[in-house]
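Data block below; observations after.
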Amino acid sequence: MNITDELTPSTTAFFMGREATNDKRNKAYVQSIPTYDEAALLAALSEFEGPASRDDSQPAPLAGLFADSAALAEAGPAELENLLTDVDWTSFVPARDLPPLRARLAAIERDHGLTPAHRLATNRIRVRGTMLSRPYGHRTRLTALALSPSGTHLATGDWGNGESGTAQVWEVTTGRCVNVLEWIDGGVGWDRYARTMQWSADGLHLGIAFRTNAVGVWDPFGESFEPRAEAQVTNGGSRPPHWALHPGGRSAYVSTGTKHRIGVHGCVPPLEHGALYWLAEQAEMSHEHILAKGPLPTEIQESCGEELAVDRSPTWSSDGNRLYVANRAEAFVVDVPTGVPLWHTRVSWLAEWSPDGRYLAHVHRGLLHFRDATTGRPTGEPVRTAGSRWELSLHWGMRDSTARLATVLNEEAADPGIDVYDDGRLSHRLAVTPAKTALAVENKDFAVWAWAPSGDRGAVLTAAGDIEVWSLGDGEPRRLCTLTTPAGTQGILWGADDVIVAVGKTVLRFVRADTGETIGDYTFLREADAELPLHPDDVYDHFDGRILALDDHTWCLPVEPDLAIAPPERRADIESHLAWIVDRRFAWPLRWGRFDIWPDAATAVANLRTTSPDTRKLRQAVRETSG
């Protein structure tokens, strides 16, 4: 490896430090030289220094067993208190141990109320480090949604004011915000654009289309507001690119032009470290990032010409070897190593791939077709369907190894209702009138149908504005329950632990499908008409983004680590919005520990039990106000 401070035709990578000039970056951009940051340079150098110099050269020691799972699951209040007293808390691993402990404490609370075991567990967990949740980080309407593959976390994004936007990460099981990624340059996504937020297969990387035409990868549970890596390869596109985050989270397909306009448009830039500013149109067809490595197969050229553009975000196969593309007028599968389409078919706007990568369902000339995703061949006879693309939508789910498709005809169709197909065969018909919402038609993030993760039930947002949950097992379909939604709901999702999420531009509600219990309910952009609880402005700025409106008339100011300024009688409302957050990933209920609520700042300062940056600012506010 040869390192130099000059850019030459043989330069393969440019590492830009803090002191680098824009002139050099622009030269690298024009020459299609990938640009990375200092962290990427250090990572590259470590590869040449040998494994002994790397921090990850030795596997991290595994923590010992925290608690016997059987004993934990069966313990009553007293037994659990004894167990938590004797256990080795240094072996506590939140990702492994917190969910079962929290679930057992919740069960004990339902049967026995709050116990000393709840306070003991809370004290131990808070000692290892927690923070208060910040549910109202969004400052403008939501533009993007993405449910993690496991359904445990939901990411929401806003475009912001055009200069910066915000992404929030929610734990679905608890309905609480566990992390906020602020100051995302240029905002998240774009109004009416789908899939501008995407998770990696393991749920550890969050991809975002941002700054209008760039894509990047963030740690969804990290504290940095900056992307780990980004790629700007669209040559100044005025809208988010059609793209797909690789299952591993360290590269992505991005739709963009190629120099010769031959083959499948687009490139696969790395998203490992740093920033890549690169012009695909100036690169040779053989460049490693370019998807197309040569002309299209003859039979595809005869059907559509020498090139295939990608005008919707595709999906990857689970092994990362294929791209499944469903455009507005055509669908095809690309073998990524060669860049060659394996087959191609015409569609009429509506086309969706099954989650297991086995089927394509699409509508063409009034017929619903099912095709084998490997060969493109029909798997059965097409089915006559009704409804335009504004009235009909397609939604895949999985029940064990069976791929299930719901075809949803909304309230504007002549004969609204839902048909369910199992591996392409009609199995159920639902007499229900689904809603038509502008967002659901224009942005598939906001869908009016959601499958349960188990695939045995489905939920539909109806024209009446509620959510109906249906059993779709082996017998006749059966309506299980009806759930109310907040005003402004325009879509639904179904996540882990049987939690359904109602979403709109300014609302978010988490509801348990089995009990109907609302576990989280948020209205963004709401302001109370009361006086703000802190003055002067410079002190108030310290808490900017954390003050929340409990309703149209009441403010609440959370103060780290364990108090809030709000009417004490509103404790239940405060506890339904806030939580202690562990590792920016898990929520822990406030009611299981000591959390003070005081009516004003002076009373709060007089009763402070801890010192933190927040409490110091609070003292300052009281001194300056009283002085």
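Small disclaimer: the values here were computed from a predicted structure and weren't measured.
For the side chain to side chain contact (heavy atoms under 4.5 Å, CB included) with V217, the qualifying choice from H205, E272, H246 is H205, the only one to do so.
Within the 4.5 Å cutoff, no side-chain heavy atoms of R609 are placed close to those of N607. Side-chain contact between F510 and T173: absent, with no pair of heavy atoms (C-beta onward) separated by less than 4.5 Å. With a 4.5 Å cut-off on side-chain heavy atoms, L80 and R104 count as touching. At least one side-chain heavy atom of L508 sits under 4.5 Å from a side-chain heavy atom of F524. Using a 4.5 Å heavy-atom threshold, the side chains of L608 and W598 count as separate. Within the 4.5 Å cutoff, the side chain of V215 has no heavy atoms near those of the E230 side chain. At a threshold of 4.5 Å between non-hydrogen side-chain atoms, the residues N235 and N213 do not count as touching. In this structure the side chain of V127 never reaches within 4.5 angstrom of the side chain of R124, judged on heavy atoms.
In this structure a side-chain-to-backbone donor-acceptor pair under 3.5 Å is missing from T489 to T485. S255 contributes no side-chain N or O that, together with a main-chain N or O of H242, makes up a donor-acceptor pair within less than 3.5 Å. In this structure, W555 contributes its side chain and P533 its backbone to no donor-acceptor pair below 3.5 Å. Checked by atom type and distance alone, the side chain of T615 pairs as donor or acceptor with a backbone atom of S612 at under 3.5 Å. With hydrogens and angles disregarded, no donor-acceptor distance shorter than 3.5 Å links the side chain of E411 to the backbone of A435. Of the possible polar contacts, none joining the H138 side chain to the T140 backbone as a donor-acceptor pair under 3.5 Å is found. For the pair S224 (side chain) and E226 (backbone), a donor-acceptor distance under 3.5 Å is present. In this structure, S313 contributes its side chain and W243 its backbone to a donor-acceptor pair below 3.5 Å. No side-chain donor-acceptor contact under 3.5 Å links T506 to the backbone of L142.
To the nearest 0.5 angstrom, L101 atom CG is 12.0 Å from R96 atom CZ. To the nearest 0.5 Å, atoms CD1 (I574) and CZ (R591) are separated by 14.0 Å. In this structure, CD in Q490 is found 10.5 Å from CG in L145, a value given to the nearest 0.5 Å. In this structure, CG in N179 is found 11.0 Å from CG in D583, a value given to the nearest 0.5 Å. The CZ atom of R228 sits 4.5 Å away from the CZ atom of R250 when rounded to the nearest 0.5 Å. To the nearest 0.5 Å, atoms CD1 (I597) and SG (C556) are separated by 7.0 Å.
Within 6.0 Å of CZ in R128 there are more than 12 heavy atoms belonging to other residues, nucleotides or ligands. For R141, the CZ atom counts as loosely surrounded, since its 6.0 Å shell holds 12 or fewer non-hydrogen atoms of other residues, nucleotides or ligands. Dense packing is recorded around CD of E569, with more than 12 heavy atoms of other residues, nucleotides or ligands lying under 6.0 Å away.
Here salt bridge (charged side-chain N to carboxylate O under 4.0 Å, His left out) pairs that include residues 488-505, with residues two or more places apart or in two chains, are R457-D498.
Using a 3.5 Å distance cut-off with no hydrogens or angles, the side chains of H395 and S393 do pair a donor with an acceptor. Under the 3.5 Å distance criterion, with hydrogens and angles disregarded, a donor-acceptor pair is assigned to the side chains of W592 and E109. Side-chain atoms of D551 and T554 include a donor-acceptor pair closer than 3.5 Å. A donor-acceptor contact under 3.5 angstrom links the side chains of W170 and T156, judged on distance only. Side-chain contact of R195 with Q198: a donor-acceptor pair under 3.5 Å is present, judged by distance alone.
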Worked verdict on E517 versus R512 for salt bridge (charged side-chain N to carboxylate O under 4.0 Å, His left out) | CA-CA 5 Å; E517 174 192 4; R512 296 200 184 280; 3.7 Å; yes
What's the verdict on ring-ring contact (aromatic ring centres under 6.0 Å, His included) for W89 and F66, showing C-alpha distance, side-chain angles and the deciding distance?
-> CA-CA 7 Å; W89 280 89; F66 169 67; 4.9 Å; yes
Assess whether side chain to side chain donor-acceptor pair (under 3.5 Å) is satisfied between T115 and H118, documenting all intermediate values.
-> CA-CA 5 Å; T115 69; H118 292 88; 2.9 Å; yes
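Of all non-hydrogen atoms in R134 and C177, the two that sit nearest each other are O-SG, 3.4 Å. Scanning all heavy atoms of the two residues, the minimum distance from L461 to I492 falls at N-CD1, 3.7 Å. Of all heavy-atom pairs between T166 and G137, the closest is OG1-O, 3.6 Å. In plain terms, the two heavy atoms of P220 and L204 that are nearest each other are CD-O, 3.3 Å. Considering every non-hydrogen atom in both D614 and P558, the closest pair reads OD2-O, 4.5 Å. A pairwise comparison of heavy atoms in V254 and P241 identifies CG1-CB, 3.8 Å as the closest pair.
Note on E171 versus R102: salt bridge recorded, some NZ/NE/NH1/NH2 to OD/OE distance being below 4.0 Å. In this structure, K617 does not pair ionically with D541, as no charged nitrogen and carboxylate oxygen lie closer than 4.0 Å. Using a 4.0 Å cut-off between a side-chain N of Lys or Arg and a carboxylate O of Asp or Glu, D573 and R571 do not qualify as a salt bridge.
No cation-pi contact links R584 to F221, judged by a cut-off of 6.0 Å to the six-membered ring centre and 45° from its axis.
Checked against salt bridge (Lys or Arg N to Asp or Glu O under 4.0 Å), R176 has no partners two or more places apart in sequence or in another chain.
By the 30° and 60° cut-offs, the orientation of the rings of W190 relative to W159 is perpendicular.
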